[in-house]
Structure formats: C-alpha cells, structure tokens
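Here's the structure, in structure tokens; my notes come after.
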2 protein chains.
Amino acid sequence: MKNSPISIGQLGKRSGVNIETIRYYEKIALLPPPDRTPAGYRQYDDGHVRRLRFIRRGRDLGFSVEAIRTLLSLAEHPDQPCGGADRLVAGHLADVERKIADLSRLRGELQGLANCCGHVVAECRIIDSLIAD
Amino acid sequence: MKNSPISIGQLGKRSGVNIETIRYYEKIALLPPPDRTPAGYRQYDDGHVRRLRFIRRGRDLGFSVEAIRTLLSLAEHPDQPCGGADRLVAGHLADVERKIADLSRLRGELQGLANCCGHVVAECRIIDSLIAD
DNA sequence: CTTGACCCTGTAGCGGCTCCAGGGTTCATG
DNA sequence: CATGAACCCTGGAGCCGCTACAGGGTCAAG
C-alpha cells in the first residue's frame, strides 16, 4: 500500500532538505533514483521520505556522508550485529570532543585578545600577538 | 640589512607552513611574490618569514583568510585606530562560542546514543533514533 | 494565451588547501 | 663526467557538502 507519489519539492518540505541537495544525494547514490513522470519529473514515495529523513538526522548529528552510507546499509540488515554503528558513534563522539577541546582553547586565546585597547594599531595587543613568535 | 634569501622549503620550515600552501598564498595575493633566482626559484627574505608567521598564527586562531587580509593591512598602518581588529576578534569569538555550544549539544545527543546494545541492528538504539521522527 | 510556480540538466563556485603529473635545477658522490 | 637524491617549477584536478546559476521544459489557474 504505497501512498501517492510526491514531487521533489514536496519531498524537500517533508524532509527539511533543499531540493538541490536532494538531487545531489541522488547523484552520489545516497538516495536511490525515483520513478519519473512522462515529462521526466521525479516521483518519490514514502520510502524515500523515510530514507531522506534518516540522512538528514545523521547529517544534523554531524556524521559524514560516508558514515551515513554505512549507517543506512546497517539499517537495511536488521538481523546483523550492530557493533559497527556503535563504533561509528564512538568515533564521531571522540571527534566532537576533540573539536570542543580545540575550540575551548581557542576561545581562551581570543578572550585574552579582546578589547585590545581602543587606540592605534601600533599599541594594539591583537596585532602584537600576531606578530610575536 | 637584509638577511640572505631563503628557499621556499626553508620558509616552510621557519614558518611551519606547507610549501604548497605558501604557493597558494602567493596565488591569492596573501603573501607578496618574492624575487626569483635566474632558474626561477623563489627567494624569500625576513619580511616574508614575519608575514607568513603572522598569517599562520591567525589561521591557528581560526581566522579566515579574508580576516587575516584585514589584520595584515591593519598591521601595515600602525598609526591608524585599531577598532577594526577589535571588532574582528569579537566577531570571531562569538562564532567560536556558537560552535562550542552547537558541538556541546551534539555531544549530549551522541552520548545518549553510545553503547547502543551490542546486539542486532533491529534492536539498535542508534539506528532506531535515526529512523524515528 | 499568458503568467507564474514548479521542474529538468549540466556546470561552476565556495574555502582552504592538498596532491599530482611532468618537467627543470642543484649538489654531492662514484 | 654521469648519476641520483633532494629540491624546485607550473598548471590543473580533487577534497567535502553542498549551493547557485543558466537555459530550458511543464503544468495548472485565470
């Protein structure tokens, strides 16, 4: 019992994904090519909506397209072990934590620079600290 | 009293910048084109070393190339007011803080997903949470 | 019949590099 | 003097994940 097919614009609205991005996902084979109307318009079904939402949720969580490809292929084999998904999440979590640490250090340095002086460049701590070793 | 000129490889070592990146900076006019030997080899001087270190330090702090262009032109006019540098740092600091906030939220979500179960995909919280709305 | 909203393809651009192919140069060694 | 390693050159393509065109076709409403 397939629902009535929807246009790419509709799919974009239901999934929160830009139309250009949807076509891009098709080109990189992340989203399977849908049927076409006689005029060549793409016609998506509920499966596409679900898959694209999955992709979007993954992207929102910061997974790379390749990671999402892996997660999708896992999702398609429900009786296989899911250690792969676990490792993927753990790896990504470690990445995120590294990035937070890097940015926090950066924030500290930038806070040290802010409100340099309000005077001229020659006396400016910001420029100074960029020049200094 | 200019020091003896150095090769691009030497400049790379002294500044911690990749050779390819140095040539790229020249192409985008961030680093001025140096003299050349008769054979066409680039010959850098101390000014280049200083400027490239400035650039690198700026990049390490997460400034965009365009921001660095601005900072460099400020640095070249020591008697001008330095409010521009201040605004640049403040804006960048705000960006960094936004990114930290975003990543922290992400970290929370990923921590909620980690150690899904150790069983099969069908019972996997990770895949589940990507499928669910 | 025209207007406007939608759709199509294909290509180029973004930032900030990084890498490669296909060469030339320089210098120490045999 | 030949050889090889280490360096240098240019120009162009590739990376990621889109986004933005240009230049057209389609379709429904008024």
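Any value given below was found using the heavy atoms of this structure, including those in side chains, with hydrogens, waters and symmetry copies removed. Letters A, B, ... mirror the listed sequences (proteins, then strands); counts begin at 1.
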Handout entry: Short side-chain N/O contact to D:dC18 OP1/OP2 from A:Arg56, under 4.0 Å
Key = no
Exercise for the section: Write out all pairs satisfying ring-ring contact (aromatic ring centres under 6.0 Å, His included) with one or both partners inside residues 83-107 of chain B, taking only residues at least two apart or from two chains. Expected result: B:Phe63-B:His92
Polar-atom pairs under 3.5 Å, protein N or O versus N or O of nucleotides 21-24 of chain C: list them with distances, or write none.
from, atom 1, to, atom 2, distance (Å)
C:dG24, N2, B:Tyr41, OH, 2.5

Practice task
If a pair satisfies side chain to side chain donor-acceptor pair (under 3.5 Å) and one of its residues is in residues 23-34 of chain B, list it, with sequence neighbours excluded.
Solution key: B:Glu26-B:Arg42
Exercise for the section: Return the residues of residues 6-21 of chain B meeting this criterion: a heavy atom under 4.0 Å from some atom of DNA chain D. Order them by number, or give none. Expected result: B:Ser7, B:Ile8, B:Gly9, B:Ile19
Exercise for the section: Calculate, to the nearest 0.5 Å, the distance between atoms CG and CG belonging to B:Leu130 and A:Leu72 respectively. Expected result: 8.5 Å
Exercise for the section: Rounded off to whole Å, could you give me the CD-to-P distance for the A:Glu26 and C:dG10 pair? Expected result: 11 Å
Practice task
Can you sort out the partners of A:Thr37 under side chain to side chain contact (heavy atoms under 4.5 Å, CB included), two or more places apart, ordered by chain and number?
Solution key: A:Ala39, A:Tyr41, A:Gln43
Exercise for the section: Supply the atom-to-atom distance B:Arg51 CZ to B:Asp46 CG, rounded to the nearest 0.5 angstrom. Expected result: 15.0 Å
Completion exercise
Note: contacts of residues 58-73 of chain A with DNA chain D (heavy atom, under 4.0 Å) are A:Arg59, A:Ser64, A:Val65
Cut-off 3.5 Å, no hydrogens considered: what does the side-chain donor-acceptor table look like for residues 95-104 of chain B, sequence neighbours left out?
from, atom 1, to, atom 2, distance (Å)
B:Asp95, OD1, B:Arg98, NH2, 2.5
B:Ser104, OG, B:Ile100, O, 2.8

Handout entry: Where at least one partner belongs to residues 61-74 of chain B, residue pairs that pass salt bridge (charged side-chain N to carboxylate O under 4.0 Å, His left out), sequence neighbours excluded
Key = B:Glu66-B:Arg69
Handout entry: Selected nucleotide, minimal atom distance to B:Arg36 side chain, candidates D:dT10, C:dG16, C:dT9
Key = D:dT10
Practice task
Kindly state which residues belonging to residues 99-106 of chain B come within less than 4.0 angstrom of DNA chain D, counting heavy atoms of the residue only, listed by number.
Solution key: none
Practice task
Tell me, please, which residues at least two apart from B:Glu109 pass side chain to side chain donor-acceptor pair (under 3.5 Å).
Solution key: A:Arg57
Exercise for the section: Enter the inter-axis angle for the ends of the helix from C:dC1-D:dG30 to C:dG30-D:dC1 (five pairs per end, rounded to 10°). Expected result: 30°
Handout entry: side chain to side chain donor-acceptor pair (under 3.5 Å) contacts in which one or both residues fall within residues 11-22 of chain B, not counting sequence neighbours
Key = none
Practice task
Mind calculating the distance between CZ (B:Arg42) and P (C:dT25) to the nearest angstrom?
Solution key: 15 Å
